[in-house]
Asker: 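Sending over a structure as structure tokens; questions will come in a sec.
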Amino acid sequence: RGVLLNTFSEYELFIIITVVLIAGAIVSEEFNKGTIKLLLVRPYSRAKILFAKYVVVLLTVIFIMVAILIMQFIIAGIFFGYDSLSIPAVEYNHNANSIVETNVILSTILTGFAKMPIYILIGTLAFALSTLFTNTAVAITISLLGYMASSMVNQFAYYYNLEWLKYFVTPNWDFTQFLNGKLPLMEGLNIPFSIIICLIYFAIMMIPTFIVFKKKNIKNI
């Protein structure tokens, strides 16, 4: 029960690595192997081809999250049984100043949705770097380093209450801080603000990616 409630935190690094490996190679390897020419001679626009590849990245995020949750549920149930799942998850709601009880499965699923922006944005970063630089190693390395640096940024934001850091993506992309009336990482953070920040960073990564891909020269590949 305890592990199930923290499934996406326990396996976050595994999810990130899996998504980054796929997103970081999905475009660059087409250039490295020269197979990008076979794609671009198809009767589809470059934007559609790139969008289709990005959809694969999003599906990878969903698939790996669902797979981990199902495996955790089945394997843990075999070893420990399912009786404890009837005990509700309990958290303190700071807004209502009261204890909130939720179903364990529902709480786990909500946590997964709240964590999803992290995986999507890191995957988007790897995808963008893979397209812009057509170098798999660069895309994967920078994305993983960015994820590891995010915890440092969040710690600075929390301990030193640096107001300007709330406009950075990492204090905003974990929406579990808003579940059940929790106190957010920084004062002034709320769901609408964090959604806007995440969308801005998403656009900053994706718009140049599509522009560069549409203009990229493949004659010498």
Asker: Look only at the side chain of Lys166 and the backbone of Leu189, and say whether a donor-acceptor pair between them is shorter than 3.5 Å.
Answerer: no
Asker: How are the rings of Tyr201 and Phe168 set relative to one another: parallel (under 30°), tilted (30 to 60°) or perpendicular (over 60°)?
Answerer: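 Rings of Tyr201 and Phe168: perpendicular, as their planes differ by over 60°.
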Asker: More than 12 foreign heavy atoms under 6.0 Å from OH of Tyr82: is that the case here?
Answerer: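 Count over threshold, so yes.
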Asker: Kindly say whether the aromatic ring centers of Phe193 and Tyr167 come within a distance under 6.0 Å.
Answerer: yes
Asker: To the closest 0.5 Å, what do you measure between CD1 (Ile78) and CD1 (Ile74)?
Answerer: 7.0 Å
Asker: I'd like to check Phe178 versus Pro184 (side-chain heavy atoms, cut-off strictly below 4.5 Å). Are they in contact?
Answerer: yes
Asker: Considering only heavy atoms from C-beta outward, does the side chain of Asn32 approach that of Glu29 to under 4.5 Å?
Answerer: yes
Asker: Calculate, to the nearest 0.5 Å, the distance between atoms OG1 and CD1 belonging to Thr60 and Ile64 respectively.
Answerer: 8.5 Å
Asker: Could you check if a side-chain atom of Met206 sits within less than 4.5 angstrom of a side-chain atom of Phe127, using non-hydrogen atoms only?
Answerer: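 Yes, their side chains come closer than 4.5 Å.
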Asker: Would one find more than 12 heavy atoms of other residues, nucleotides or ligands at under 6.0 Å from atom NZ of Lys182?
Answerer: yes
Asker: Quick one: are Leu39 and Lys53 in side-chain contact, heavy atoms under 4.5 Å?
Answerer: yes
Asker: Would Thr111 and Thr176 count as having a side-chain donor-acceptor pair, cut-off 3.5 Å?
Answerer: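 Note: Thr111 and Thr176 side chains miss the donor-acceptor criterion.
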Asker: Indicate yes or no: at least one non-hydrogen side-chain atom of Ile36 is less than 4.5 angstrom from one of Phe213.
Answerer: yes
